[in-house]
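Below is one structure, written out as structure tokens; comments come after it.
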Protein chains: 2
Amino acid sequence: MSTVLEPQTHDAGAPGMQSRGHSSGSRSDILAAAAKCFMKNGYSATSIDDVARQLDATKGMIYHHFRSKTDLFFAVYRRGMEINYAAVEPHVSDNGTALERLARMAFAHSIVLMAEQAFQRTLAEGVAMHLTGATTAAQRETLTELIDIRNQYEGMFRSAIRKTAKEEGLEIANLSLASKSFLAVLNSTVSWYTPRANDPQSEQKKLAIDLVTYALRGLGTDLPSGALKTKENAQ
Amino acid sequence: MSTVLEPQTHDAGAPGMQSRGHSSGSRSDILAAAAKCFMKNGYSATSIDDVARQLDATKGMIYHHFRSKTDLFFAVYRRGMEINYAAVEPHVSDNGTALERLARMAFAHSIVLMAEQAFQRTLAEGVAMHLTGATTAAQRETLTELIDIRNQYEGMFRSAIRKTAKEEGLEIANLSLASKSFLAVLNSTVSWYTPRANDPQSEQKKLAIDLVTYALRGLGTDLPSGALKTKENAQ
DNA sequence: TAGGGAACATACTACCGAGTATGTTGTCAA
DNA sequence: TTGACAACATACTCGGTAGTATGTTCCCTA
């Protein structure tokens with residue numbers, strides 16, 4: 001079920017490859033730097049040299065790890081989705097009511113959005129926009145693959161919302177629109193939230209709770225009081 | 001009160017200027033074409049030649065009307081805000097309850113968003129992003145001005161929400177967050193809605209009603225049944 | 001009816017940025 | 001110890017693009 005997200009090195013086919021296992025150090029650094037740049041200036045306004053500068057490295061180094069700028073973007077996108085999945089998917093099968101599970105998923109999603117702004121803004125910039133002109137055939141394929149992942153992710157929430165509606169007896173006229181609105185509320189932080197000085201975590205928790213509350217009310221229900229307590233213990 | 005939005009030709013200072021009054025034909029065409037291009041590919045991925053091609057015109061024609069690409073973007077942004085204001089502001093002083101006014105404002109906002117996708121997506125791409133590196137001093141000034149307009153627009157909703165909360169006795173912990181969530185729901189269409197075949201208007205109305213319903217529920221209240229009826233008569 | 005300017009089109013420049021080709025250095029295996 | 005390869009850095013190519021400079025046409029006025 002979680003087979004959707006696999007690393008996928010671009011050196012696939014290289015014979016030697018003894019770097020397998022510990023390799024991802026520099027690669028991850030590049031992804032983080034690229035995400036930061038994409039966040040600040042957007043995809044097409046970001047040059048490879050920008051990313052390199054962010055790393056105190058050179059263009060050559062980046063092209064050693066990624067075939068093209070597009071591939072780099074794909075990798076950042078994929079990493080962003082991995083982060084989201086890792087945060088949310090565990091709660092799909094939590095025990096408790098469907099509503100509680102949905103609340104926890106939403107909370108986790110909301111938190112990870114604020115914690116990983118760079119990747120999330122890259123996600124937001126989205127497949128929809130600048131990639132309408134994806135050139136290569138392989139790129140187009142990767143593109144549709146990423147869209148699939150995104151849809152699956154939304155599907156997790158849609159499914160959770162449907163179950164919640166059933167269990168709680170909510171009337172939801174348009175499920176698709178409901179889940180889009182639901183996520184829109186949670187996602188809204190990417191366009192305005194920027195972490196304040198001294199309160200890194202607690203501020204985010206409060207915001208997340210308010211957002212989840214709003215999103216659930218939109219569906220016609222309310223945040224169950226104890227639903228997020230376990231989450232706080234885990235920290 | 002509506003002095004915020006004025007056309008502002010860039011020929012300001014030119015002595016002759018007999019074109020005043022009927023001039024805006026080609027200028028508006030450029031704005032529409034630019035908005036369409038920005039929508040499809042984003043700001044920095046759009047070239048002036050792209051916009052020109054969209055018009056069956058040339059780069060020279062565009063530079064005859066706009067000083068720079070940045071200025072063109074500003075003009076598109078401003079036009080988008082003008083459209084929104086024109087749609088929403090009238091309802092600020094509608095009669096009825098605060099809730100009814102808010103509902104109508106939200107409905108109008110939602111409708112205009114779907115009807116004017118191109119401009120709205122340009123708005124969404126936003127001042128925040130690609131313009132972090134606005135070069136000229138005059139540009140920086142224009143930039144903060146546009147941000148002000150945006151904030152004022154949001155302020156209209158924030159104010160309407162506050163009044164509604166007072167009248168309806170709603171408890172809203174974080175007003176700023178509530179209005180951001182409220183608008184996030186309404187704005188969500190820009191990232192996924194694309195008009196279907198035969199039902200141009202009615203589909204949009206239904207969606208808008210659902211969105212407004214969700215947004216209001218998030219605040220803890222409900223869409224009053226008769227609130228949007230007058231709107232339908234007006235058509 | 002000359003001419004001046006608006007409203008464009010055409011032609012050109014200068015630069016930036018993606019991608020490539022080729023060096024350089026360290027390491028590890030034989 | 002050597003040589004092969006990974007992991008970069010440096011240097012270059014080349015297409016695209018913002019902005020400019022210079023025509024060209026048409027209209028309106030003096």
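Note: hydrogens, waters and symmetry copies are ignored here, and every other heavy atom, side chains too, is used. Throughout, a chain's letter reflects where its sequence line sits, starting with A, and its residues are numbered from 1.
The interatomic distance linking A:K69 (NZ) with C:dT20 (P) rounds to 15 Å, in whole Å. Rounded to a whole Å, the CD1 atom of A:I62 is 20 Å from the P atom of D:dA6. Straight-line distance from the CG atom of A:L72 to the P atom of C:dG17: 16 Å, rounded to whole Å. Rounded to whole Å, the distance from CZ on B:R27 to P on C:dA7 is 12 Å. For the pair A:F66 CZ and D:dA7 C1', the computed distance is 14 Å after rounding to whole Å. Going from atom CG of A:D49 over to atom C1' of C:dG19 covers 11 Å, rounded to whole Å. The CZ-P distance, from B:R67 to D:dT20, rounds to 10 Å in whole Å. In this structure, CZ of B:F73 is placed 19 Å from C1' of D:dG19, rounded to the nearest angstrom.
Between the side chains of A:R78 and A:T142, no donor N or O sits under 3.5 Å from an acceptor N or O. Using modelled atom types, one finds a donor on one side chain and an acceptor on the other under 3.5 Å when comparing A:Q120 with A:N84.
Taking only side-chain atoms of A:H65, from C-beta outward, the nucleotide of C:dC8, D:dC8, C:dA18 with the closest atom is D:dC8. In this structure, the nucleotide among D:dC8, D:dT17, D:dG19 sitting nearest to the side chain of B:Y63 is D:dG19. Of the candidates D:dC8, D:dG19, C:dC8, C:dC8 carries the atom nearest the B:M61 side chain, counting heavy atoms from C-beta on. In the set C:dA9, C:dA18, D:dG19, the nucleotide with an atom closest to the side chain of B:T58 is C:dA9.
For A:S26 and D:dC8, the shortest distance from a side-chain N or O to OP1 or OP2 is below 4.0 Å. Close to D:dC8, at under 4.0 Å from its OP1 or OP2, lies no side-chain N or O of A:H64.
Residues A:L183 and A:H109 form a side-chain contact, since some pair of their non-hydrogen atoms from C-beta on lies under 4.5 Å apart. The side-chain heavy atoms of A:M61 and A:T58, taken from C-beta on, include a pair separated by under 4.5 Å.
Nearest-nucleotide mapping onto DNA chain C: of A:G60 and A:I48, the residue sitting toward the 5' end is A:I48.
The base of C:dG17 has none of its N or O atoms less than 3.5 Å from a complementary donor or acceptor on the side chain of A:K59.
Here the options are A:Y77, A:F119, A:F73, the test is ring pair (Phe, Tyr, Trp, His ring centres under 6.0 Å), and the partner is A:F38; only A:F73 passes.
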